[in-house]
Engineer: 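Mind having a look at this structure? Questions to follow.
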Amino acid sequence: MKIIADENMPLVKELFEPFAEVELLAGRNITTAHLTDADALLVRSVTQVNSSLLQGSNIKFVGSATIGTDHIDHQYLDHNGIQFAYAPGCNAQAVAEYVLSGVAYWAQHRQKDLAECRVGIIGAGNVGSKVAQVLELLGINYLLNDPPLESQGDSRSFVPLAAIQQCDIVTCHVPLAKDGQYPTYHLINEEFLSGMLKGSLLINSSRGAVLDNEVALQASKSEQSIDFILDVWENEPELNLELLNETLIATPHIAGYSQEGKIRGTYQLYQAFCQWQGIEPKVTLKELLPQAPKWNVPAQIDSQSGMLYQSLQPFYDIKQDDSHMRQVMSTVIREGGATITEEFDSLRKNYPQRLEFLELG
């Protein structure tokens, strides 16, 4: 058996080589030609898995080490009897820690008292629930919006988007859906942004097109003075540099890029692959996860919110990721050479190891 896998997935060879030949490739560069003699394909979100890629191949198993699946043509896989697995929740804690670091930086930068702020969470699935858990640990008030879960009878208390607009901080954690009963494409549009509070913060670490980037650019320049923390970008990796320059924090789609999150993603595919093959897993997840120092959660939020950001810096400093991205992109503009797309992908591929710092159940 032969497996083609995205080179940015950790431990693929260690986990899968006992069962198959493994070839690692850049995810964005995987083509039909690479799959002619392959039986399984393991990807992340940059590989579009559809008929154009798979037609004529012998692929029987597709795994995506991601929490979202908008890059997967499920109808094609189902129609052709191709087994599919993905990794829901694998990097939820990493994203929650990213949001926490961003909120802490914003509070220091804008001299906000987080004890008096309210956070609106759009999307209460694996990631949104982790964000809520972190906010509860710190005693920060929040509201939840998730019409799909609400319609399914989820017992939590949900509010409409209009209530989310009145929060000091809004953070997005929804999949990208262009149609259906609950579309999220450009969910954050001109109407939503114009109804947000003056001086508020919007964080998008879900999918780039959940936020209308052109409208966000205009809103960043308006009298509302909305701050943006953006980890995902419409049309990425070909992002809007003008919008990047207007954001408070800009990062290259790495919110979920903790080492533990990546390992969980690979391991969830390993479990699914073993089940598909009728093989007993030979390794446990606990054996693979690194041991890392943990942050002591303060008993309460200090009114001087800068203290929160400073206490988080030794564990994860979102501003470092922002500064690095701005430096790299400014070089593209100033000197030419590598393209925005190439540099964006390079930032992700060469992202330094980041360890999770919260003890969450």
Side-chain angles (χ1 to χ4, degrees), residues 1-50 52-69 71-74 76-77 80-94 253-254 256-292 345-356:
M1 183 173 287
K2 182 176 180 180
I3 297 173
I4 298 294
D6 188 315
E7 64 186 7
N8 284 342
M9 292 171 56
L11 301 179
V12 173
K13 289 204 168 189
E14 290 84 343
L15 289 173
F16 288 89
E17 277 196 335
F19 317 123
E21 173 193 350
V22 177
E23 182 178 352
L24 302 180
L25 298 168
R28 211 178 295 280
N29 297 336
I30 295 174
T31 67
T32 304
H34 295 121
L35 306 181
T36 53
D37 59 345
D39 304 281
L41 172 65
L42 307 180
V43 301
R44 292 186 59 82
S45 60
V46 299
T47 306
Q48 297 298 311
V49 181
N50 50 32
S52 297
L53 180 67
L54 298 180
Q55 204 158 28
S57 75
N58 195 39
I59 295 294
K60 304 179 190 70
F61 180 95
V62 170
S64 182
T66 59
I67 61 175
T69 63
H71 57 298
I72 305 292
D73 186 338
H74 294 279
Y76 180 85
L77 298 189
N80 289 276
I82 299 172
Q83 184 75 20
F84 175 68
Y86 72 121
C90 67
N91 63 359
Q93 178 162 330
H253 202 153
I254 48 75
Y257 262 35
S258 70
Q259 191 65 10
E260 293 92 337
K262 290 180 179 180
I263 290 172
R264 286 190 204 100
T266 304
Y267 189 79
Q268 284 176 246
L269 299 190
Y270 167 73
Q271 285 182 305
F273 182 88
C274 287
Q275 184 176 13
W276 175 60
Q277 286 289 292
I279 301 169
E280 190 69 26
K282 302 184 187 316
V283 185
T284 66
L285 178 60
K286 187 176 180 180
E287 292 176 77
L288 302 175
L289 292 177
Q291 298 299 310
D345 283 346
S346 178
L347 284 166
R348 300 186 76 206
K349 178 180 178 180
N350 300 307
Y351 187 68
Q353 178 174 276
R354 179 175 120 214
L355 299 176
E356 293 172 2

Engineer: Report the residues that fulfil side chain to side chain contact (heavy atoms under 4.5 Å, CB included) with Asn50, sequence neighbours left out, ordered by chain and then residue number.
Structural biologist: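 In terms of side chain to side chain contact (heavy atoms under 4.5 Å, CB included), with neighbours along the sequence ignored, Asn50 is linked to Gln48, Ser52, Leu53, Asp73.
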Engineer: Evaluate the side-chain proximity of Asn350 to Leu347: yes if any heavy-atom separation is below 4.5 Å, no if none is.
Structural biologist: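 Not in contact.
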Engineer: Sequence neighbours excluded, which residues qualify as side chain to side chain contact (heavy atoms under 4.5 Å, CB included) partners of Gln275?
Structural biologist: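 Counting only residues at least two positions away or on another chain, Gln275 forms no side chain to side chain contact (heavy atoms under 4.5 Å, CB included).
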Engineer: How would you list all residue pairs meeting salt bridge (Lys or Arg N to Asp or Glu O under 4.0 Å) that involve residues 29-39, not counting sequence neighbours?
Structural biologist: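 The answer is Lys2-Asp37, Asp39-Lys60.
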Engineer: Taking only residues two or more places apart in sequence, or in another chain, which ones meet Asn8 in a side-chain hydrogen bond (donor to acceptor under 3.5 Å, both in side chains)?
Structural biologist: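 Asn8 satisfies side-chain hydrogen bond (donor to acceptor under 3.5 Å, both in side chains) with no other residue.
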Engineer: Grab the two heavy atoms, one from Leu269 and one from Gly63, that are nearest each other, plus how far apart they are.
Structural biologist: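 In terms of heavy atoms, the two residues are closest at CD1-C, 3.6 Å.
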Engineer: To check you understand the geometry: which heavy-atom pair defines the closest contact between Val22 and Lys13, and what is its length?
Structural biologist: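 For Val22 versus Lys13, the nearest heavy atoms are O-CE, 3.6 Å.
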Engineer: With heavy-atom distances below 4.5 Å as the criterion, would you say the side chains of Cys90 and Tyr267 are in contact?
Structural biologist: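 Of all side-chain heavy-atom pairs linking Tyr267 with Cys90, none is under 4.5 Å.
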Engineer: With sequence neighbours excluded, what pairs up with Phe273 under the ring pair (Phe, Tyr, Trp, His ring centres under 6.0 Å) test?
Structural biologist: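 With neighbours one apart ignored, the set is Phe16, Phe61, Trp276.
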Engineer: Please examine the side chains of Gln268 and Tyr86, heavy atoms only from C-beta on, and report whether any two atoms are closer than 4.5 Å.
Structural biologist: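 The answer is no; the side chains never approach within 4.5 Å.
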Engineer: Under a 4.5 Å cut-off applied to non-hydrogen side-chain atoms, are Val43 and Met9 in contact?
Structural biologist: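 In short, these two side chains do not touch, never coming nearer than 4.5 Å.
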Engineer: Under the salt bridge (Lys or Arg N to Asp or Glu O under 4.0 Å) rule, what pairs show up with a residue in residues 257-278, not counting sequence neighbours?
Structural biologist: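 Counting only pairs at least two positions apart or across chains, the salt bridge (Lys or Arg N to Asp or Glu O under 4.0 Å) contacts touching residues 257-278 are Arg264-Glu356.
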Engineer: Is there a side chain to side chain contact (heavy atoms under 4.5 Å, CB included) between His253 and Arg348 once you walk through the steps?
Structural biologist: CA-CA 7 Å; His253 202 153; Arg348 300 186 76 206; 3.6 Å; yes
Engineer: For Glu287, check side-chain hydrogen bond (donor to acceptor under 3.5 Å, both in side chains) against everything at least two apart and list the hits.
Structural biologist: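 With neighbours one apart ignored, the set is Thr284.
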Engineer: As an exercise, state the distance from OG of Ser57 to CD1 of Ile82, rounded to the nearest 0.5 Å.
Structural biologist: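 Here the rounded value is 6.0 Å.
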Engineer: What's the spacing between Leu15 CG and Gln271 CD if we round to 0.5 Å?
Structural biologist: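 The distance works out to 10.0 Å.
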Engineer: Which atoms form the tightest heavy-atom contact between Leu355 and Pro290, and what is the distance?
Structural biologist: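 Minimum heavy-atom contact is CD2-CG, 3.7 Å.
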Engineer: What pairs with Glu14 under side chain to side chain contact (heavy atoms under 4.5 Å, CB included), at least two apart in sequence or on another chain?
Structural biologist: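 Listed in chain order: Leu11.
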Engineer: Does any part of the side chain of Leu42, heavy atoms only, come nearer than 4.5 Å to the side chain of Asp6, both counted from C-beta?
Structural biologist: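 Not in contact.
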Engineer: Using the side-chain hydrogen bond (donor to acceptor under 3.5 Å, both in side chains) criterion, which residues pair with Thr69? Sequence neighbours excluded.
Structural biologist: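 So Thr69 forms a side-chain hydrogen bond (donor to acceptor under 3.5 Å, both in side chains) with His74.
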Engineer: How close do Pro10 and Thr266 get, counting heavy atoms only, and between which atoms?
Structural biologist: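 Scanning both residues, the minimum pair turns out to be O-OG1, 3.0 Å.
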Engineer: I need the Cys274 SG to Gln277 CD distance, nearest 0.5 Å.
Structural biologist: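 Rounded to the nearest 0.5 Å, the SG-CD separation comes to 8.5 Å.
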Engineer: Who are the side chain to side chain contact (heavy atoms under 4.5 Å, CB included) partners of Leu25, not counting sequence neighbours?
Structural biologist: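 So Leu25 forms a side chain to side chain contact (heavy atoms under 4.5 Å, CB included) with Ile4, Glu23, Ile30, His34.
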Engineer: Is there a donor in the side chain of Thr47 and an acceptor in the side chain of His71, or the other way round, less than 3.5 Å apart?
Structural biologist: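 Side-chain D/A pair, Thr47 to His71: absent.
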Engineer: Of the non-hydrogen atoms in Ala272 and Ala85, which two are nearest, and what is the gap between them?
Structural biologist: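 Reported closest heavy-atom pair: CB-CB, 3.4 Å.
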Engineer: Any salt bridge (Lys or Arg N to Asp or Glu O under 4.0 Å) involving residues 24-35? Give me the pairs, sequence neighbours left out, ordered by first then second residue.
Structural biologist: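 Sorted result for residues 24-35: Arg28-Asp345.
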Engineer: Quick check against the 3.5 Å criterion: does Ser258 have a side-chain atom that pairs as donor or acceptor with the backbone of Ala94?
Structural biologist: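 The answer is no, because no donor-acceptor pair under 3.5 Å joins these two groups.
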Engineer: Under 3.5 Å, is there a donor-acceptor pair between the Tyr257 and Arg354 side chains?
Structural biologist: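 The criterion, which ignores hydrogens and geometry beyond distance, is not satisfied for Arg354 and Tyr257.
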Engineer: Are the side chains of Asn80 and Leu54 in contact, using a 4.5 Å heavy-atom criterion?
Structural biologist: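 No - every pair of side-chain heavy atoms lies 4.5 Å or more apart.
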Engineer: Under the side-chain hydrogen bond (donor to acceptor under 3.5 Å, both in side chains) rule, collect the residues that match up with Thr36, sequence neighbours excluded.
Structural biologist: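 Listed in chain order: nothing, the list is empty.
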